[in-house]
Amino acid sequence: PSKESKALLYSAILSNTLNFKNKLTTGRDKIMAKWLKEGLDLSDNYVHDMFEFKSKFDKSLKETIILDFKDFSINSKKIGIAQLELVDVDKFLEENLEEIKIILSDLSKDRNLDLIFMTCIDLVKGFNSFLVIDDSAKDLLESTLDLKFERGLAQSNHLIVRKEIIALFER
């Protein structure tokens with residue numbers, strides 16, 4: 001492949017594996033990334049710069065949340081999960097908390113959801129922050145993920161992506 005193709009594929013693997021911090025990362029991911037990186041002249045800050053760029057939104061916050069929003073049903077309950085992958089999640093939540101709560105509340109009403117929450121993955125520090133707007137989501141996340149919420153926020157000490165969360169809910 002061309003250098004451009006190798007760089008794009010390498011970046012896709014980094015993004016998909018959350019810089020190899022996602023526990024779903026395979027040995028094949030690492031081998032392929034190493035092979036793709038050979039011959040590329042990437043800066044020492046490439047990964048951080050890529051994730052930082054990914055943390056900037058071209059659209060409004062609401063549009064950005066909707067772009068990566070999924071809802072599904074389990075045991076006749078309709079659940080919505082917003083997921084963002086960012087650099088400096090703590091700062092993002094501090095600056096946008098009230099707006100995010102309004103967006104989640106509107107989405108919950110518009111889509112007739114039984115519960116809704118947001119997970120923000122810190123791509124550099126390697127943790128998730130969870131935001132809930134009601135006790136149903138809080139209770140489910142506390143019991144399923146062993147989290148403790150304070151003022152609607154909780155933090156995990158490891159990365160977990162939405163598809164893993166859904167699998168845990170289904171069990």
In terms of hydrophobic clusters joined by side-chain contacts under 4.5 Å, are [X] and [Y] together?
X      : Y      : value
Val89  : Ile160 : no
Met118 : Ile133 : yes
Leu153 : Leu141 : no
Val132 : Ile65  : no

Value rounded to 0.5 Å, distance of [atom1] in [X] from [atom2] in [Y]:
X      : Y      : atom1 : atom2 : result
Leu131 : Gln155 : CG    : CD    : 13.0 Å
Glu85  : Ser55  : CD    : OG    : 9.0 Å
Asp88  : Cys120 : CG    : SG    : 11.5 Å

Side chain to side chain contact (heavy atoms under 4.5 Å, CB included) evaluation trace for Asp90 with Ser129
CA-CA 8 Å; Asp90 292 332; Ser129 283; 4.1 Å; yes
Under 4.5 Å side-chain heavy-atom separation, chaining through any Ile, Leu, Val, Met, Phe, Trp or Tyr, what else clusters with Leu9? Say none if it is isolated.
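Members alongside Leu9: Tyr10, Ile13, Leu14, Leu18, Phe20, Leu24, Met32, Trp35, Leu36, Leu40, Leu42, Tyr46, Val47, Met50, Phe51, Val87, Ile121, Leu123, Val124, Leu159, Val161.
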Members sharing Leu67's hydrophobic cluster (side chains within less than 4.5 Å)
none
Sequence-distant partners of Glu52, salt bridge (charged side-chain N to carboxylate O under 4.0 Å, His left out), two or more places apart
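Counting only residues at least two positions away or on another chain, Glu52 forms no salt bridge (charged side-chain N to carboxylate O under 4.0 Å, His left out).
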Partners meeting salt bridge (charged side-chain N to carboxylate O under 4.0 Å, His left out) with Asp139 (sequence neighbours left out)
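If we apply the salt bridge (charged side-chain N to carboxylate O under 4.0 Å, His left out) test to Asp139, skipping adjacent residues, there are no hits.
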With salt bridge (charged side-chain N to carboxylate O under 4.0 Å, His left out) as the rule and sequence neighbours excluded, what pairs involving [range] come up?
range            : answer
residues 3-14    : none
residues 140-155 : Lys138-Glu142
residues 13-23   : Lys23-Glu164

Could you tell me which residues satisfy side-chain contact (heavy atoms from CB on, under 4.5 Å) with Ser156, sequence neighbours excluded, listed by chain and number?
Asn128, Phe130, Leu147, His158
Residue list, side-chain contact (heavy atoms from CB on, under 4.5 Å) with Glu170, at least two apart or on another chain:
Ile74, Ile166
Residue set satisfying ring pair (Phe, Tyr, Trp, His ring centres under 6.0 Å) with Phe57, at least two apart, ordered chain then number -> Phe92
Test of understanding: with ring pair (Phe, Tyr, Trp, His ring centres under 6.0 Å), list the residues that count as partners of Phe127, not counting sequence neighbours.
none
Flag for Thr26-Asp29: side-chain donor and acceptor within less than 3.5 Å:
yes
Donor-acceptor pairs under 3.5 Å, side chain of residues 97-117 to any protein atom, not counting sequence neighbours: which ones?
from, atom 1, to, atom 2, distance (Å)
Asp114, OD2, Lys78, N, 2.7

Enclosure of Lys70 NZ (heavy-atom neighbours >12, cutoff 6.0 Å)
yes
Ile79 and Phe169: side chain to side chain contact (heavy atoms under 4.5 Å, CB included), yes or no, with the steps?
CA-CA 10 Å; Ile79 301 169; Phe169 287 170; 4.3 Å; yes
Grab the two heavy atoms, one from Gln83 and one from Arg162, that are nearest each other, plus how far apart they are.
OE1-N, 2.8 Å
Indicate yes or no for a side-chain donor-acceptor contact from Thr25 to the backbone of Asn22 under 3.5 Å, with no hydrogens or angles considered.
yes
Under a 3.5 Å distance rule, please check whether Asn45 uses its side chain to pair with a backbone N or O of His48 as donor and acceptor.
no
